[in-house]
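Presented below is the structure to which this report refers.
Keep in mind it's a predicted model, so treat the numbers as computed, not measured. Note that these values count all heavy atoms, side chains included, but never hydrogens, waters or copies made by symmetry.
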Amino acid sequence: MNASTAGDSGPIVVAGAGYAGLHVALRLTARLRNNPTMELTLVDRHDYHQVLTELPQVAGGTRAASAVRIPLQDVLAERVRFVQTEISGFDLAGRRLLTGAGPIGWRRLVLALGSRPNDFAIPGLAQRALSVYSASDAERVWAAASKALDAAAAAANPERQRRLATVVVGGGGATGVELAGELAEVLPEVASGHGLAPDRPAVLLVEAGPTILAGSSPQLIDKTTRILSDLGVQVRTNAAIAAATEEGFRLKDGQLVEGGVFVWAGGVKAPELVVDSGLPTGHNGRVKVDQYLRVLDHPEIYVAGDLASVTDPRTGHVLPPLAQVALEEGEMVARNLDAELEGGPREAFTFHDKGFVVSVGTRRGVADIAGTTTGGRLAHLLKDAIEWEYRQSVRHLRGWDPIAR
């Protein structure tokens, strides 16, 4: 690619079409206009990009799964080769990505494989609880909630009705809070269609720590708690789950949390294929990188998104798996790859926090922006605006390529 990497061959390969991977591909396509012979390949198991921040609406039945899937053919330029296949491993020495479609050689590799639900080895959790990490997952949550309402309507005993119509959400982070709020607002409205009184469905949010939305300002947590309470969500903190059984979530203090549907939104970890890859990993299996987002001891491999273990020097903590972090990392990886092509200097990655916005229910939300905390309708509209802007930016970035369709 330049004098220091002479002898390299093959394309730049981006593994994963999530927030980080798609952003690398889109940004890099525009930057490669001065390198018409350079090949760019994007690999993913799906032929669509998922807007993960909108999954709670799908799980709450207010948005179709198709609405959060953006077909890759609609946003990728012609010069990007897309390979739809399952990634099975890495041949680091041979610089090959191992896939169901055969090995794919690479000159530079970008790992943007995202993450998977972290069950923290809680017995029975993976088998008993649903997750919310894909549009298909979210569809299953809504289908299970609807089925539970039908079962509740068929039950003669009021206590059994109440139990079956209760959705228990484990994990009080942003996803858990959004899902709980969405369901608490929607389920009473649809209960009558299942032959139930509006006050029969219930939503319970269980968090192991002392507070929901850990790491957020006390003001934002307070506003969120108030909205959840107004919606009827029962929030239980300091309630660590010891096991998931047929009867429900068994807490470490021995209490049993019963319900008809159990959903786990308690955190994420690296994909399984990374565990035995030979790459250096840290907390939750995330790959350790240098200041340029290159894998330690493997400067030919970049990592972006949930998979990257990047420490924020201001806090000393690893950056959380958030969409805005993934987008900034994707932009920096594209810039550094472009710098390699042009023989210029790389840039060290620094995260610029744009704030935190969470929707709570279908009409309200909370936000911390530039040190100011707001709550209510305005915050929900802000969340909608951010999601709309993201979709527009994806399509706009495609338009930067001079040979795009």
Side-chain angles (χ1 to χ4, degrees), residues 1-18 20-47 49 72-73 75-114 270-281 287-290 292-308 329-330 332-344 346 401 403:
M1 298 175 72
N2 54 40
S4 66
T5 58
D8 285 3
S9 61
I12 296 174
V13 175
V14 180
L22 180 60
H23 211 56
V24 171
L26 293 175
R27 293 280 185 181
L28 201 55
T29 300
R31 293 178 180 276
L32 290 179
R33 64 182 63 184
N34 295 324
N35 294 274
T37 60
M38 176 56 64
E39 298 176 67
L40 177 59
T41 300
L42 176 64
V43 183
D44 196 276
R45 73 178 72 176
H46 301 300
D47 61 356
H49 167 71
L72 291 174
Q73 65 178 3
V75 297
L76 293 178
E78 286 183 341
R79 70 170 303 167
V80 180
R81 176 187 175 223
F82 173 64
V83 180
Q84 182 179 359
T85 186
E86 192 81 27
I87 299 171
S88 57
F90 315 98
D91 174 6
L92 299 180
R95 293 197 179 189
R96 300 189 307 166
L97 187 67
L98 306 181
T99 79
I104 299 175
W106 45 267
R107 172 180 292 196
R108 288 291 181 270
L109 176 64
V110 179
L111 292 179
L113 298 172
E272 189 173 1
L273 67 91
V274 176
V275 176
D276 299 320
S277 66
L279 297 171
T281 57
V287 178
K288 296 180 179 180
V289 296
D290 64 15
Y292 307 115
L293 300 180
R294 302 178 303 177
V295 178
L296 297 182
D297 301 325
H298 289 279
E300 72 280 7
I301 304 175
Y302 286 86
V303 188
D306 291 2
L307 187 58
E329 290 175 353
M332 183 55 67
V333 167
R335 290 166 69 176
N336 281 335
L337 283 168
D338 183 58
E340 288 192 27
L341 288 168
E342 300 297 327
R346 302 179 188 88
D401 184 44
I403 60 172

Could you go through the side chain to side chain contact (heavy atoms under 4.5 Å, CB included) check for Arg31 and Arg335 one step at a time?
CA-CA 8 Å; Arg31 293 178 180 276; Arg335 290 166 69 176; 3.1 Å; yes

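- Contacts of Asp91 classified as salt bridge (charged side-chain N to carboxylate O under 4.0 Å, His left out), with partners at least two apart in sequence or in another chain: Arg96.
- When all heavy atoms of Gly330 and Ala304 are compared, the pair lying nearest together is N-CB, 4.1 Å.
- You'll find the side chain of Leu32 reaches within 4.5 Å of the side chain of Arg79, heavy atoms only.
- Under the rule for a side chain to side chain contact (heavy atoms under 4.5 Å, CB included), the partners of Thr41 that lie at least two apart in sequence or sit in another chain are Pro11, Val13, Val43, Arg81, Val83.
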Apply side chain to side chain contact (heavy atoms under 4.5 Å, CB included) to the pair Arg45 and Ile87, showing each step before the final yes or no.
CA-CA 7 Å; Arg45 73 178 72 176; Ile87 299 171; over 6 Å; no

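- Taking CG from Leu92 and NE2 from His298, the interatomic distance works out to 5.0 Å, rounded to the nearest 0.5 Å.
- When side chains are defined from C-beta on, Val303 does not count as touching Lys288, because their heavy atoms never get closer than 4.5 Å.
- Separation of atoms NE2 (His49) and CG (Leu76) is listed at 11.0 Å; rounding is to 0.5 Å.
- Arg346 contributes atom CZ, which lies 4.5 Å from atom OH of Tyr302 (distance to the nearest 0.5 angstrom).
- Test Leu113, Val274, Leu293, Leu296 against Val287 for side-chain contact (heavy atoms from CB on, under 4.5 Å) and you get one pass: Val274.
- Smallest separation of non-hydrogen atoms from Asp297 and Pro299: C-CD, 3.6 Å.
- Of all non-hydrogen atoms in Ala15 and Leu97, the two that sit nearest each other are CB-CD2, 4.1 Å.
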Apply side chain to side chain contact (heavy atoms under 4.5 Å, CB included) to Met38 and Arg107, showing your working.
CA-CA 10 Å; Met38 176 56 64; Arg107 172 180 292 196; 3.3 Å; yes

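- With rounding to the nearest 0.5 angstrom, the CZ atom of Arg27 is 11.0 Å from the CG atom of Leu22.
- The backbone N or O of Ala101 sits less than 3.5 Å from a side-chain atom of Thr85, completing a donor-acceptor pair.
- For Pro280 against Val295, the heavy-atom pair with the smallest separation is CD-CG1, 3.6 Å.
- Listed here is the closest heavy atom pair of Leu42 and Gly16: CD1-O, 3.5 Å.
- The side-chain contact (heavy atoms from CB on, under 4.5 Å) test with Val24 singles out one residue from Thr29, Leu40, Val333, and that residue is Val333.
- Judged as a ring pair (Phe, Tyr, Trp, His ring centres under 6.0 Å), and not counting sequence neighbours, His23 has no contacts.
- The distance from atom CD of Glu78 to atom CD of Gln73, rounded to the nearest 0.5 Å, is 12.0 Å.
- No side-chain heavy atom of Phe90 sits under 4.5 Å from any side-chain heavy atom of Leu98.
- We find the CZ-CG distance between Phe82 and Leu72 to be 5.0 Å, quoted to the nearest 0.5 Å.
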Trace of the side chain to side chain contact (heavy atoms under 4.5 Å, CB included) decision for Val14 with Val80:
CA-CA 10 Å; Val14 180; Val80 180; over 6 Å; no

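- Listed for the Arg294 side chain is no donor-acceptor partner under 3.5 Å among the backbone atoms of Glu300.
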